[in-house]
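Here the structure is a predicted model, which is why all the values come from computation and not from measurement.
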Amino acid sequence: VQLQAFGGGLVQPGGSLRVSCAASGRAFSSYVMGWFRQTPGKEREFVATINRSGAITYYADSVKGRFTISRDNAENTVYLQMNNLKPEDTAVYYCAASRVVSTFSSDFEYWGQGTQVTVSS
């Protein structure tokens with residue numbers, strides 16, 4: 001499956017942004033989807049994951065209550081709605097696909113190219 005993330009940008013602290021990830025290739029609905037983020041000099045960090053049907057989601061503690069992951073299997077797209085953004089949310093956000101429900105980046109086989117999210121006044 002090929003993944004392409006988009007929708008990043010510059011937003012002020014307290015603002016909202018939605019990033020999207022479009023999938024093509026093999027059956028999107030057969031994959032668990034996840035979002036990770038990375039800043040320079042740091043390891044890639046788990047943000048959120050969603051199971052195949054969209055009924056089960058997991059979040060990193062740092063984003064719980066502020067971010068929402070969702071998916072539209074008919075549109076082959078996964079979303080990450082980010083509210084009440086903080087400067088520490090600044091990172092490149094990556095979408096990824098896995099055959100298992102996991103919060104570990106090593107379990108995700110396919111990765112998008114990343115989209116930059118910058119939270120700054």
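More than 12 non-hydrogen atoms from other residues, nucleotides or ligands lie less than 6.0 angstrom from CD of Glu88. Residue-environment remark: CZ (Phe6) exceeds the threshold of 12 foreign heavy atoms within 6.0 Å.
Between Ser102 and Asp107 the shortest heavy-atom distance is OG-OD2, 2.5 Å. Contact detail for Cys95 and Ala5: the closest heavy-atom pair is SG-CB, 4.1 Å. For the residue pair Val119 and Thr90, the shortest heavy atom distance occurs at N-OG1, 2.9 Å. Between Val1 and Ala97 the shortest heavy-atom distance is CG1-CB, 4.0 Å. Among all heavy-atom pairs drawn from Ser16 and Asn83, the shortest one is OG-OD1, 2.9 Å. What you find for Gly8 and Thr115 is that their closest heavy atoms are N-OG1, 3.0 Å.
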Practice problem: Might you work through the side chain to side chain contact (heavy atoms under 4.5 Å, CB included) test for Val78 and Ser20, ending with a clear yes or no? | Solution: CA-CA 6 Å; Val78 61; Ser20 305; over 6 Å; no
Self-check item: Check against side chain to side chain contact (heavy atoms under 4.5 Å, CB included), Met82 and Arg18
Solution: CA-CA 6 Å; Met82 302 180 287; Arg18 188 177 79 164; over 6 Å; no
Practice problem: Show your reasoning for whether side chain to side chain contact (heavy atoms under 4.5 Å, CB included) applies to Leu85 and Leu17. | Solution: CA-CA 8 Å; Leu85 282 159; Leu17 193 67; 3.9 Å; yes
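In summary, the aromatic rings of Tyr110 and Tyr31 are positioned with their centroids under 6.0 Å apart.
Note that NZ of Lys42 and CZ of Arg37 are 9.0 Å apart. Values are rounded to the nearest 0.5 Å. Between the OH atom in Tyr58 and the CG atom in Asn51 there is a gap of 8.5 Å [rounded to 0.5 Å]. Interatomic distance, CD of Gln38 versus OH of Tyr94, reported as 5.5 Å (0.5 Å rounding). Between the OG atom of Ser62 and the CD atom of Glu45 there is a distance of 5.0 Å, given to the nearest 0.5 Å. Taking OG of Ser24 as the reference point, atom CD of Gln2 lies at 4.5 Å (rounded to 0.5 Å).
With hydrophobic clusters built from ILVMFWY side chains whose heavy atoms lie under 4.5 angstrom apart, Phe46 does not share a cluster with Tyr59. Under the 4.5 Å side-chain heavy-atom criterion for ILVMFWY residues, a single connected hydrophobic cluster contains both Leu80 and Val11. In the hydrophobic clustering of ILVMFWY residues, with side-chain heavy atoms under 4.5 Å counting as a link, Ile56 and Val101 come out together.
Proximity of Ser120 to Pro87: side-chain heavy atoms (C-beta onward) are nowhere separated by under 4.5 Å.
A donor-acceptor pair under 3.5 Å is formed between the side chain of Thr49 and the backbone N or O of Met33. Of the possible donor and acceptor atoms, none in the side chain of Tyr93 sits under 3.5 Å from a partner among the backbone N and O of Val47. Side-chain atoms of Arg99 do not come within 3.5 Å of backbone N or O of Phe108 as any donor-acceptor pair. A donor-acceptor pair under 3.5 Å is absent between the side-chain atoms of Arg71 and the main chain of Gly54, judged by distance alone. Between the side chain of Thr77 and the main chain of Glu75, a donor-acceptor pair closer than 3.5 Å is present. Between the Arg52 side chain and the Ser30 main chain, a donor and an acceptor come within less than 3.5 Å of each other.
Test Trp35, Phe67, Tyr79 against Val19 for side chain to side chain contact (heavy atoms under 4.5 Å, CB included) and you get one pass: Trp35.
A salt bridge does not link Lys86 to Asp89: none of the charged side-chain nitrogens sits closer than 4.0 Å to a carboxylate oxygen.
The aromatic rings of Trp111 and Phe36 are tilted relative to each other, their planes meeting at an angle between 30° and 60°.
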